2 protein chains.
Amino acid sequence: MVQDSCQVTVINEQRIAQAQAQMPDEMILVEVAETFKLLGDPTRVKILQALAVTELCVCDLAALLEMTSSAISHQLRLLRARGIVRYRKEGKIVYYSLDDNHVQTLVEVSLRHVEEC
Amino acid sequence: MVQDSCQVTVINEQRIAQAQAQMPDEMILVEVAETFKLLGDPTRVKILQALAVTELCVCDLAALLEMTSSAISHQLRLLRARGIVRYRKEGKIVYYSLDDNHVQTLVEVSLRHVEEC
DNA sequence: CCCTTACTTGAATGAGTGTTCATATGTTTC
DNA sequence: GAAACATATGAACACTCATTCAAGTAAGGG
(Lines give C-alpha, C1' and ligand atoms only; values in the text may rest on other atoms or scores of the structure.)
Protein backbone atom coordinates (compact mmCIF):
# COMPACT_ATOMS: atom_id res chain seq x y z
CA MET A 1 0.00 0.00 0.00
CA VAL A 2 1.21 3.44 -0.96
CA GLN A 3 -0.02 6.90 -0.08
CA ASP A 4 -0.28 9.30 -2.98
CA SER A 5 -0.25 13.09 -2.84
CA CYS A 6 -3.97 13.13 -2.05
CA GLN A 7 -3.65 10.92 1.05
CA VAL A 8 -5.54 8.15 -0.69
CA THR A 9 -4.39 4.60 -0.13
CA VAL A 10 -3.63 2.68 -3.29
CA ILE A 11 -4.52 -0.98 -3.30
CA ASN A 12 -3.77 -2.17 -6.83
CA GLU A 13 -1.01 -0.03 -8.22
CA GLN A 14 -0.66 -2.07 -11.37
CA ARG A 15 -4.31 -1.92 -12.32
CA ILE A 16 -4.32 1.83 -11.76
CA ALA A 17 -1.33 2.22 -14.06
CA GLN A 18 -3.10 0.10 -16.65
CA ALA A 19 -6.30 2.15 -16.42
CA GLN A 20 -4.31 5.37 -16.55
CA ALA A 21 -2.43 4.25 -19.64
CA GLN A 22 -5.65 3.67 -21.53
CA MET A 23 -7.38 6.80 -20.27
CA PRO A 24 -8.05 9.36 -23.04
CA ASP A 25 -6.97 12.96 -22.53
CA GLU A 26 -8.74 14.94 -19.86
CA MET A 27 -9.93 17.41 -22.50
CA ILE A 28 -11.53 14.71 -24.59
CA LEU A 29 -13.28 13.15 -21.61
CA VAL A 30 -14.66 16.52 -20.60
CA GLU A 31 -16.01 16.98 -24.11
CA VAL A 32 -17.60 13.55 -24.01
CA ALA A 33 -19.28 14.46 -20.73
CA GLU A 34 -20.47 17.76 -22.17
CA THR A 35 -21.97 16.03 -25.18
CA PHE A 36 -23.85 13.66 -22.91
CA LYS A 37 -24.93 16.52 -20.67
CA LEU A 38 -26.45 18.20 -23.69
CA LEU A 39 -28.47 15.06 -24.38
CA GLY A 40 -29.37 14.73 -20.71
CA ASP A 41 -32.52 16.80 -20.79
CA PRO A 42 -36.01 15.59 -21.80
CA THR A 43 -36.84 18.77 -23.74
CA ARG A 44 -33.68 18.55 -25.83
CA VAL A 45 -34.13 14.82 -26.43
CA LYS A 46 -37.66 15.49 -27.66
CA ILE A 47 -36.47 18.29 -29.92
CA LEU A 48 -33.83 16.02 -31.47
CA GLN A 49 -36.32 13.20 -31.84
CA ALA A 50 -38.76 15.52 -33.64
CA LEU A 51 -36.09 17.01 -35.90
CA ALA A 52 -34.97 13.49 -36.78
CA VAL A 53 -38.37 13.05 -38.41
CA THR A 54 -38.72 16.40 -40.14
CA GLU A 55 -37.50 19.96 -40.32
CA LEU A 56 -39.55 22.18 -37.98
CA CYS A 57 -39.75 25.84 -37.02
CA VAL A 58 -39.59 27.12 -33.46
CA CYS A 59 -43.32 27.52 -33.00
CA ASP A 60 -44.00 24.08 -34.44
CA LEU A 61 -41.64 22.61 -31.85
CA ALA A 62 -43.32 24.71 -29.17
CA ALA A 63 -46.74 23.41 -30.21
CA LEU A 64 -45.52 19.81 -30.42
CA LEU A 65 -43.89 19.86 -26.98
CA GLU A 66 -46.53 22.14 -25.46
CA MET A 67 -43.97 24.67 -24.31
CA THR A 68 -43.33 28.36 -24.92
CA SER A 69 -41.32 29.41 -27.97
CA SER A 70 -38.92 31.09 -25.59
CA ALA A 71 -38.11 27.89 -23.73
CA ILE A 72 -37.62 26.07 -27.06
CA SER A 73 -35.47 28.85 -28.43
CA HIS A 74 -33.19 28.74 -25.39
CA GLN A 75 -32.65 25.02 -25.84
CA LEU A 76 -32.10 25.36 -29.57
CA ARG A 77 -29.40 27.88 -28.81
CA LEU A 78 -27.48 25.26 -26.82
CA LEU A 79 -27.92 22.64 -29.53
CA ARG A 80 -26.82 25.18 -32.15
CA ALA A 81 -23.73 26.11 -30.15
CA ARG A 82 -22.60 22.47 -30.26
CA GLY A 83 -23.32 22.10 -33.96
CA ILE A 84 -26.02 19.53 -33.32
CA VAL A 85 -28.74 21.43 -35.18
CA ARG A 86 -28.64 23.92 -38.02
CA TYR A 87 -31.16 26.52 -39.08
CA ARG A 88 -32.50 28.07 -42.23
CA LYS A 89 -34.46 31.32 -42.39
CA GLU A 90 -37.54 31.68 -44.54
CA GLY A 91 -38.87 35.17 -44.02
CA LYS A 92 -39.48 35.55 -40.34
CA ILE A 93 -39.76 31.83 -39.81
CA VAL A 94 -36.66 29.87 -38.75
CA TYR A 95 -36.54 26.20 -39.67
CA TYR A 96 -34.34 23.88 -37.64
CA SER A 97 -32.97 20.49 -38.63
CA LEU A 98 -30.35 18.01 -37.43
CA ASP A 99 -26.73 18.72 -38.31
CA ASP A 100 -24.97 15.78 -36.63
CA ASN A 101 -25.83 12.15 -37.26
CA HIS A 102 -23.40 10.94 -34.60
CA VAL A 103 -25.70 12.43 -32.01
CA GLN A 104 -28.65 10.86 -33.75
CA THR A 105 -26.88 7.51 -33.40
CA LEU A 106 -26.35 8.10 -29.70
CA VAL A 107 -30.04 8.79 -29.16
CA GLU A 108 -30.98 5.67 -31.13
CA VAL A 109 -28.61 3.45 -29.14
CA SER A 110 -29.92 4.87 -25.90
CA LEU A 111 -33.52 4.42 -27.02
CA ARG A 112 -32.93 0.77 -27.84
CA HIS A 113 -31.16 0.33 -24.51
CA VAL A 114 -34.03 1.82 -22.52
CA GLU A 115 -36.67 -0.07 -24.49
CA GLU A 116 -34.94 -3.37 -23.75
CA CYS A 117 -35.11 -2.88 -19.99
CA MET B 1 -52.47 28.83 -38.95
CA VAL B 2 -54.08 27.49 -35.80
CA GLN B 3 -53.76 28.44 -32.17
CA ASP B 4 -53.41 25.53 -29.78
CA SER B 5 -54.26 25.47 -26.08
CA CYS B 6 -50.90 27.00 -25.22
CA GLN B 7 -51.35 30.09 -27.39
CA VAL B 8 -48.62 28.95 -29.72
CA THR B 9 -49.12 29.43 -33.42
CA VAL B 10 -48.77 26.31 -35.51
CA ILE B 11 -47.20 26.70 -38.93
CA ASN B 12 -46.90 23.18 -40.30
CA GLU B 13 -49.69 21.10 -38.83
CA GLN B 14 -48.92 18.09 -40.95
CA ARG B 15 -45.25 17.92 -40.04
CA ILE B 16 -46.13 18.24 -36.37
CA ALA B 17 -48.55 15.34 -36.63
CA GLN B 18 -45.87 13.31 -38.38
CA ALA B 19 -43.29 14.06 -35.69
CA GLN B 20 -45.80 13.34 -32.97
CA ALA B 21 -46.72 9.99 -34.51
CA GLN B 22 -43.10 8.85 -34.42
CA MET B 23 -42.37 10.26 -30.97
CA PRO B 24 -41.66 7.53 -28.39
CA ASP B 25 -43.54 7.57 -25.08
CA GLU B 26 -42.84 10.44 -22.72
CA MET B 27 -41.65 7.95 -20.09
CA ILE B 28 -39.10 6.41 -22.43
CA LEU B 29 -37.77 9.77 -23.53
CA VAL B 30 -37.36 10.84 -19.92
CA GLU B 31 -35.40 7.67 -19.24
CA VAL B 32 -33.21 8.30 -22.25
CA ALA B 33 -32.49 11.79 -20.96
CA GLU B 34 -31.73 10.43 -17.49
CA THR B 35 -29.30 7.91 -18.90
CA PHE B 36 -27.49 10.66 -20.78
CA LYS B 37 -27.54 12.88 -17.72
CA LEU B 38 -25.78 10.15 -15.79
CA LEU B 39 -23.06 10.09 -18.45
CA GLY B 40 -22.91 13.87 -18.51
CA ASP B 41 -20.31 14.34 -15.80
CA PRO B 42 -16.53 14.14 -16.26
CA THR B 43 -15.96 12.22 -13.04
CA ARG B 44 -18.47 9.54 -13.96
CA VAL B 45 -17.17 9.27 -17.51
CA LYS B 46 -13.67 8.76 -16.12
CA ILE B 47 -14.91 6.13 -13.68
CA LEU B 48 -16.63 4.23 -16.48
CA GLN B 49 -13.60 4.54 -18.72
CA ALA B 50 -11.36 3.15 -15.97
CA LEU B 51 -13.74 0.30 -15.13
CA ALA B 52 -13.89 -0.58 -18.82
CA VAL B 53 -10.21 -1.44 -18.54
CA THR B 54 -10.21 -3.28 -15.23
CA GLU B 55 -12.06 -3.90 -12.01
CA LEU B 56 -11.06 -1.35 -9.35
CA CYS B 57 -11.85 -0.59 -5.73
CA VAL B 58 -13.03 2.78 -4.47
CA CYS B 59 -9.65 3.97 -3.24
CA ASP B 60 -7.98 2.91 -6.49
CA LEU B 61 -10.46 5.05 -8.40
CA ALA B 62 -9.86 7.87 -5.93
CA ALA B 63 -6.11 7.64 -6.49
CA LEU B 64 -6.49 7.40 -10.26
CA LEU B 65 -8.78 10.42 -10.49
CA GLU B 66 -7.03 12.30 -7.67
CA MET B 67 -10.25 12.75 -5.73
CA THR B 68 -11.49 11.78 -2.28
CA SER B 69 -12.97 8.32 -1.74
CA SER B 70 -16.12 10.04 -0.56
CA ALA B 71 -16.64 11.88 -3.83
CA ILE B 72 -16.03 8.65 -5.77
CA SER B 73 -18.37 6.72 -3.53
CA HIS B 74 -21.15 9.21 -4.08
CA GLN B 75 -20.80 8.91 -7.85
CA LEU B 76 -20.61 5.13 -7.71
CA ARG B 77 -23.88 5.15 -5.81
CA LEU B 78 -25.59 6.87 -8.73
CA LEU B 79 -24.06 4.48 -11.26
CA ARG B 80 -25.07 1.53 -9.07
CA ALA B 81 -28.65 2.80 -8.78
CA ARG B 82 -28.94 2.70 -12.59
CA GLY B 83 -27.39 -0.76 -12.85
CA ILE B 84 -24.42 0.59 -14.78
CA VAL B 85 -21.82 -0.78 -12.38
CA ARG B 86 -21.83 -3.75 -10.02
CA TYR B 87 -19.71 -4.42 -6.96
CA ARG B 88 -18.07 -7.32 -5.21
CA LYS B 89 -16.88 -7.25 -1.63
CA GLU B 90 -13.53 -8.71 -0.65
CA GLY B 91 -13.15 -8.12 3.06
CA LYS B 92 -13.42 -4.43 3.63
CA ILE B 93 -12.49 -3.62 0.05
CA VAL B 94 -15.27 -3.15 -2.50
CA TYR B 95 -14.41 -3.85 -6.13
CA TYR B 96 -16.48 -2.18 -8.83
CA SER B 97 -16.85 -3.23 -12.44
CA LEU B 98 -19.10 -2.45 -15.40
CA ASP B 99 -22.52 -4.09 -15.52
CA ASP B 100 -23.95 -2.64 -18.73
CA ASN B 101 -22.25 -2.84 -22.12
CA HIS B 102 -24.88 -0.65 -23.77
CA VAL B 103 -23.51 2.23 -21.76
CA GLN B 104 -20.01 1.23 -22.69
CA THR B 105 -21.08 1.42 -26.33
CA LEU B 106 -22.50 4.89 -25.80
CA VAL B 107 -19.23 6.12 -24.33
CA GLU B 108 -17.28 4.59 -27.20
CA VAL B 109 -19.50 6.19 -29.85
CA SER B 110 -19.23 9.53 -28.12
CA LEU B 111 -15.46 9.20 -27.80
CA ARG B 112 -15.10 8.50 -31.52
CA HIS B 113 -17.40 11.41 -32.28
CA VAL B 114 -15.41 13.87 -30.16
CA GLU B 115 -12.09 12.62 -31.48
CA GLU B 116 -13.24 13.18 -35.06
CA CYS B 117 -13.96 16.86 -34.48
C1' DC C 1 -45.44 54.06 -41.09
C1' DC C 2 -47.62 51.16 -37.53
C1' DC C 3 -49.07 46.65 -36.07
C1' DT C 4 -48.66 41.89 -35.82
C1' DT C 5 -45.85 37.91 -35.83
C1' DA C 6 -41.71 34.69 -35.26
C1' DC C 7 -38.02 34.48 -32.86
C1' DT C 8 -34.12 35.85 -29.74
C1' DT C 9 -32.09 37.29 -25.59
C1' DG C 10 -31.01 38.84 -20.69
C1' DA C 11 -32.24 38.68 -15.99
C1' DA C 12 -34.51 36.29 -12.34
C1' DT C 13 -35.96 32.35 -9.95
C1' DG C 14 -36.46 27.86 -8.21
C1' DA C 15 -34.87 23.18 -8.64
C1' DG C 16 -31.10 20.08 -9.05
C1' DT C 17 -26.20 18.57 -8.59
C1' DG C 18 -21.08 17.60 -7.30
C1' DT C 19 -17.98 17.98 -3.73
C1' DT C 20 -16.68 18.47 1.05
C1' DC C 21 -16.96 17.57 5.78
C1' DA C 22 -18.29 14.96 9.60
C1' DT C 23 -19.95 10.84 11.00
C1' DA C 24 -21.40 6.00 10.72
C1' DT C 25 -20.74 1.09 9.34
C1' DG C 26 -18.40 -3.01 8.84
C1' DT C 27 -13.97 -5.54 8.58
C1' DT C 28 -9.30 -6.72 9.81
C1' DT C 29 -5.44 -6.79 13.01
C1' DC C 30 -3.21 -6.53 17.19
C1' DG D 1 -11.99 -5.22 22.75
C1' DA D 2 -9.55 -1.26 20.65
C1' DA D 3 -7.44 0.80 16.87
C1' DA D 4 -6.93 1.27 11.95
C1' DC D 5 -8.89 1.21 7.64
C1' DA D 6 -12.16 0.98 3.37
C1' DT D 7 -16.52 2.61 2.31
C1' DA D 8 -20.95 4.61 2.82
C1' DT D 9 -23.96 8.26 3.88
C1' DG D 10 -26.36 12.67 5.42
C1' DA D 11 -26.18 17.54 5.59
C1' DA D 12 -24.33 21.69 3.82
C1' DC D 13 -22.51 24.55 0.35
C1' DA D 14 -21.54 26.58 -3.94
C1' DC D 15 -22.74 26.16 -8.44
C1' DT D 16 -25.29 25.03 -12.60
C1' DC D 17 -29.37 24.92 -15.24
C1' DA D 18 -34.32 24.93 -17.29
C1' DT D 19 -38.06 27.75 -17.49
C1' DT D 20 -40.44 32.14 -17.12
C1' DC D 21 -41.02 36.86 -17.83
C1' DA D 22 -40.12 41.07 -20.04
C1' DA D 23 -38.02 43.40 -23.51
C1' DG D 24 -35.83 43.59 -28.03
C1' DT D 25 -35.01 42.51 -33.17
C1' DA D 26 -36.36 41.63 -37.71
C1' DA D 27 -39.73 40.57 -41.31
C1' DG D 28 -44.54 41.04 -43.52
C1' DG D 29 -49.03 43.01 -44.10
C1' DG D 30 -52.37 46.62 -43.97
Side-chain angles (χ1 to χ4, degrees), chain A residues 1-4 6-12 16 29-30 33-34 36-48 55-82 85-96, chain B residues 1-4 6-12 15-16 29-30 33-34 36-48 55-82 85-97:
Chain A
M1 297 200 203
V2 178
Q3 297 278 330
D4 83 343
C6 276
Q7 315 279 47
V8 177
T9 307
V10 171
I11 302 280
N12 304 289
I16 295 177
L29 291 174
V30 168
E34 268 167 19
F36 282 132
K37 193 182 283 182
L38 207 52
L39 300 175
D41 175 79
T43 300
R44 288 192 293 267
V45 169
K46 287 175 199 167
I47 290 176
L48 295 179
E55 182 187 55
L56 288 167
C57 69
V58 178
C59 66
D60 285 342
L61 282 167
L64 177 60
L65 306 189
E66 297 183 335
M67 296 177 63
T68 64
S69 306
S70 178
I72 299 292
S73 187
H74 275 297
Q75 299 301 349
L76 285 170
R77 199 171 81 86
L78 298 175
L79 295 171
R80 233 165 45 211
R82 278 250 149 200
V85 301
R86 67 159 161 269
Y87 64 97
R88 166 177 83 77
K89 285 194 176 180
E90 196 169 283
K92 58 184 171 181
I93 297 175
V94 181
Y95 283 100
Y96 280 85
Chain B
M1 294 199 206
V2 179
Q3 297 275 331
D4 83 345
C6 274
Q7 317 277 47
V8 175
T9 307
V10 170
I11 303 279
N12 305 289
R15 286 189 196 170
I16 295 177
L29 291 173
V30 168
E34 268 167 21
F36 282 132
K37 193 183 282 182
L38 208 53
L39 300 175
D41 174 78
T43 300
R44 288 193 292 268
V45 169
K46 287 174 199 166
I47 290 175
L48 295 178
E55 180 188 56
L56 288 168
C57 68
V58 178
C59 66
D60 286 341
L61 283 167
L64 176 62
L65 306 188
E66 296 182 337
M67 296 178 64
T68 63
S69 306
S70 178
I72 300 292
S73 187
H74 275 297
Q75 300 299 352
L76 285 170
R77 199 170 82 86
L78 298 176
L79 295 171
R80 234 165 45 212
R82 277 254 149 198
V85 301
R86 68 161 161 270
Y87 64 98
R88 166 177 83 77
K89 285 194 175 181
E90 198 169 282
K92 60 184 172 183
I93 296 174
V94 180
Y95 284 100
Y96 281 86
S97 54

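Just so it is clear, the structure is predicted and the values come from calculations on it, not from any experiment. Per chain, numbering begins at 1; letters A, B, ... match sequence-line order.
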Exercise for the section: Figure out the CD1/C1' separation between B:Ile72 and D:dT9, and round it to whole Å. Expected result: 16 Å

Handout entry: From A:Lys37 atom NZ to B:Leu39 atom CG, the distance as rounded to the nearest 0.5 Å
Key = 12.5 Å

Practice task
Could you tell me whether the side chain of B:Asp60 and the main chain of A:Ile16 form a donor-acceptor pair under 3.5 Å?
Solution key: no

Exercise for the section: To the nearest Å, give me how far apart CG (A:Leu65) and P (D:dA18) are. Expected result: 15 Å

Problem - Presence of A:Arg77 side-chain N/O under 4.0 Å of C:dC7 phosphate oxygens OP1/OP2 - result: no

Problem - B:Ser97 side chain reached by B:Arg86 side chain, heavy atoms, under 4.5 Å - result: yes

Practice task
Calculate the interatomic distance between A:Leu39 atom CG and D:dA18 atom P; express it in whole Å.
Solution key: 12 Å

Handout entry: Nearest-angstrom distance from the residue atom CD1 of B:Ile11 to P of C:dT5
Key = 11 Å

Problem - Nucleic acid footprint by protein, nucleotides 19-30 of chain C - heavy-atom cut-off 4.0 Å, B for base, S for sugar-phosphate alone - result: BBBB----BS--

May I have the list of side-chain donor-acceptor pairs in residues 71-81 of chain B shorter than 3.5 Å, sequence neighbours left out?
| residue | atom | partner | partner atom | Å |
| --- | --- | --- | --- | --- |
| B:Gln75 | OE1 | B:Arg44 | NH1 | 2.7 |
| B:Arg80 | NH1 | B:Tyr96 | OH | 2.7 |

Exercise for the section: Write down the distance between OH (A:Tyr87) and P (D:dA27), rounded to a whole number of angstrom. Expected result: 12 Å

Problem - Any side-chain heavy-atom pair of B:Cys57 and B:Val94 under 4.5 Å - result: no

Problem - Those residues that, when tested against B:Arg82, pass salt bridge (Lys or Arg N to Asp or Glu O under 4.0 Å) (two or more places apart) - result: B:Glu31, B:Glu34

Problem - Whole angstrom value for the distance that separates C1' of D:dT16 from NZ of A:Lys37 - result: 7 Å

Exercise for the section: Return the 5'-most residue of the pair A:Leu78, B:Ile93 with respect to DNA chain D, ranking by each residue's nearest nucleotide. Expected result: B:Ile93

Handout entry: Length of the line joining B:Leu38:CG and C:dG18:C1', which is rounded to integer Å
Key = 13 Å

Practice task
Could you check whether B:Tyr96 gets within reach of a base, just the sugar-phosphate, or nothing at all, counting any heavy atom under 4.0 Å?
Solution key: sugar-phosphate

